[in-house]
Amino acid sequence: MIACIILTVALLPLGFFLLGRISFCSALRLPPKCMPVSIIIPARNEQDNLPRLLQSIHAQGLDQIEIIVVDDGSTDATAAVAREHHATVISAPPLPPGWRGKTWACLHGATAASCNTLCFLDADTWFQPHGLAAILDRYATRPTVLSVLPFHVVHRPWEQLSAFFQLVMAAGSGAFTFPSIPPAGLFGQMLLIDRQVYFNVGGHEAVKGEVLENFHLARLLRRQAIPLCCLAGKQTLSMRMYPHGIKDLAAGWTKAFASGAARTPLPLLLLIIAWLCGLAIAPAALVRYPGMVSAAIYALAAMQVHILLRRLGTFPLYVAILYPLPLVAFFILFTGAITRRSVTWKGRTFDAAS
């Protein structure tokens with residue numbers, strides 16, 4: 001029992017090392033700077049998500065915003081919905097060998113864009129009131145490559161199982177460590193970048209075959225000593241992932257984490273694993289050695305999970321209290337991700353670990 005307690009107490013602080021510096025865009029104190037920006041949205045069968053995102057962009061009340069939706073071979077009304085919401089629609093040519101659908105669509109959107117600032121944005125995201133203005137204001141104040149991890153909105157019971165995937169995605173970027181270290185990756189949901197910088201590093205063509213193109217773009221940018229900045233999207237940018245069922249959730253996270261584990265720097269990956277092991281030991285010790293001490297350790301672990309989750313999403317308190325359940329789901333799906341050869345996502349099958 002003593003060994004379990006010591007190990008748990010020793011490993012739990014790693015959570016605050018990995019995620020102790022989660023930073024947000026500051027609230028606007030002055031009118032936002034006028035900045036022309038091309039918003040590029042790669043979209044494959046996104047007729048349900050696009051209205052919410054496009055309405056949120058128009059509601060920002062900003063001028064000089066170009067909206068480009070790149071229809072990536074959709075079989076639904078994606079293109080029609082985008083046009084109804086006053087977006088420019090581009091149909092991506094058939095996917096050539098060696099490319100992923102998202103990288104192919106992003107490249108065509110960037111090529112068609114007319115502004116010097118490019119904003120790549122996933123279709124399942126949306127802006128909070130004045131959120132885009134706050135992000136652009138932050139970008140204009142300290143120009144760099146800026147990536148935002150959207151605030152994860154969850155509603156249905158199975159969506160709560162994303163809790164540790166959200167935590168590990170944030171921790172795996174290396175963007176929120178305390179003390180600070182250079183980010184190991186960028187978040188794929190939103191990226192703001194200067195057009196010239198984008199094409200100088202090869203754009204999405206340089207990472208055309210990658211599932212997690214954001215990690216590989218970060219590597220190319222670091223090679224050219226271009227500063228990177230990652231922020232969390234609370235009160236600015238939100239997302240809702242996999243609302244249609246646990247099957248979609250499993251396939252989506254498998255797609256992301258099969259490649260992500262291989263791209264995360266080994267020291268960072270080992271620290272994440274150690275932290276998760278510490279969280280796993282706490283409930284095991286409570287079951288094996290019930291008592292006030294074990295209960296107190298478990299309460300501390302649950303409190304830490306709750307504090308971190310509330311900075312990254314709408315996960316309710318009961319998810320932290322029952323955190324072993326989403327933690328087990330994470331271990332199951334993550335193990336399946338790193339052992340599975342292929343995964344099907346939006347009608348395309350590809351090597352999950354590439």
Side-chain angles (χ1 to χ4, degrees), residues 23-43 46-71 78-90 105-153 186-199 203-204 214 227-240:
S23 303
F24 311 102
C25 282
S26 301
L28 288 175
R29 296 184 178 87
L30 299 171
K33 296 178 174 62
C34 184
M35 174 184 292
V37 60
S38 295
I39 298 178
I40 300 160
I41 306 167
E46 296 287 3
Q47 65 176 17
D48 295 331
N49 285 324
L50 279 175
R52 179 177 54 194
L53 169 58
L54 297 176
Q55 288 168 10
S56 76
I57 295 173
H58 293 306
Q60 301 294 308
L62 299 176
D63 297 327
Q64 304 187 73
I65 303 294
E66 178 183 48
I67 306 173
I68 300 173
V69 173
V70 185
D71 183 10
T78 289
V81 168
R83 291 190 182 97
E84 288 174 7
H85 289 82
H86 311 293
T88 299
V89 178
I90 297 174
C106 285
L107 177 66
H108 281 275
T111 303
S114 62
C115 299
N116 290 329
T117 301
L118 306 179
C119 175
F120 297 96
L121 193 62
D122 279 3
D124 58 0
T125 64
W126 68 92
F127 290 102
Q128 295 298 324
H130 308 297
L132 177 56
I135 292 170
L136 291 176
D137 188 71
R138 167 63 177 79
Y139 179 82
T141 303
R142 288 171 280 180
T144 182
V145 176
L146 176 61
S147 182
V148 177
L149 176 64
F151 193 66
H152 196 155
V153 176
L186 298 166
F187 301 118
Q189 294 91 344
M190 180 182 180
L191 176 67
L192 265 172
I193 187 170
D194 178 82
R195 180 188 181 91
Q196 183 175 349
V197 170
Y198 172 79
F199 283 107
H204 282 90
N214 45 307
L228 310 179
C229 177
C230 294
L231 299 172
K234 188 174 184 178
Q235 298 183 339
T236 55
L237 181 69
S238 299
M239 68 177 175
R240 187 181 179 195

- [ ] Show your working on side chain to side chain contact (heavy atoms under 4.5 Å, CB included) between Val148 and Tyr139 and close with a plain yes or no.
- [x] CA-CA 11 Å; Val148 177; Tyr139 179 82; over 6 Å; no
Open item on the list: So which atom in Ser238 and which in Val153 form the shortest heavy-atom distance, rounded to 0.1 Å?
Closed with: CB-CG2, 4.0 Å
Task: Sidechain-backbone polar pair: Arg138 side chain, Ala133 backbone, donor-acceptor under 3.5 Å - done: no
Open item on the list: For a quick test of reading the model, state the closest non-hydrogen atom pair linking Pro36 to Thr117 and the distance between them.
Closed with: O-CB, 3.7 Å
TODO: Examine distances only and state if a side-chain atom of Thr125 and a backbone atom of Met239 form a donor-acceptor pair shorter than 3.5 Å.
DONE: no
Open item on the list: Between Thr88 and Ile67, does the side chain to side chain contact (heavy atoms under 4.5 Å, CB included) criterion hold? Intermediate values first, please.
Closed with: CA-CA 6 Å; Thr88 299; Ile67 306 173; over 6 Å; no
Task: Nearest-0.5 Å distance, CD1 of residue Ile135 to CZ of residue Phe127 - done: 5.0 Å
Open item on the list: For Met35, is there any backbone N or O sitting under 3.5 Å from a side-chain donor or acceptor partner on Gln64?
Closed with: no
Open item on the list: Working to the nearest 0.5 angstrom, can you tell me the gap between Phe120 CZ and Ile193 CD1?
Closed with: 7.0 Å
Open item on the list: Any non-hydrogen side-chain atom of Tyr198 less than 4.5 Å from a side-chain atom of His204?
Closed with: yes
- [ ] Answer yes or no: is there a side-chain heavy-atom contact under 4.5 Å between Val89 and Val70?
- [x] no
Task: Point-to-point distance, once rounded to the nearest 0.5 Å, from CD of Gln60 to CD of Gln55 - done: 12.5 Å
Open item on the list: Once rounded to the nearest 0.5 Å, what's the spacing between atom CG of Leu136 and atom CD1 of Ile65?
Closed with: 5.5 Å
TODO: Check step by step if side chain to side chain contact (heavy atoms under 4.5 Å, CB included) holds for Ile90 and Ile68.
DONE: CA-CA 7 Å; Ile90 297 174; Ile68 300 173; 3.6 Å; yes
Open item on the list: Any side-chain to backbone donor/acceptor pair from Asp194 onto Val197? Under 3.5 Å, distance only.
Closed with: yes
Open item on the list: Measuring only between side-chain heavy atoms, which start at C-beta, is Cys119 closer than 4.5 Å to Met190?
Closed with: yes
Task: Exercise: do Glu66 and Ser114 side chains pair donor with acceptor under 3.5 Å - done: yes
Open item on the list: Quick one, Leu118 and Val37 - any side-chain contact, counting heavy atoms below 4.5 Å?
Closed with: no
Open item on the list: Can you confirm whether Cys115 sits close enough to Arg195 that some side-chain heavy atom of one is under 4.5 Å from a side-chain heavy atom of the other?
Closed with: no
Task: His85 (side chain) donor-acceptor with Arg52 (main chain) under 3.5 angstrom - done: no
Task: Atom pair SG/CG of Cys230 and Leu149 - distance to nearest 0.5 Å - done: 8.5 Å
Task: Student check: side-chain heavy atoms of Val69 and Leu50 closer than 4.5 Å - done: yes
- [ ] Test Asn214 against Ser147 for side chain to side chain contact (heavy atoms under 4.5 Å, CB included), laying out the working first.
- [x] CA-CA 9 Å; Asn214 45 307; Ser147 182; over 6 Å; no
Task: Rounded distance (nearest 0.5 Å) linking atom CD of Gln235 with atom CZ of Phe24 - done: 8.0 Å
Task: 4.5 Å side-chain heavy-atom contact, Pro42 and Cys106 - done: yes
TODO: Would you check if the side chain of Ser56 reaches a backbone N or O of Trp126 as a donor-acceptor pair within less than 3.5 Å?
DONE: no
- [ ] Would you check if Asp122 and Gln189 make a side-chain contact, meaning some heavy-atom pair closer than 4.5 Å?
- [x] yes
Task: Distance-minimising heavy-atom pair for Leu53 and Ala123 - done: CD2-CA, 3.9 Å
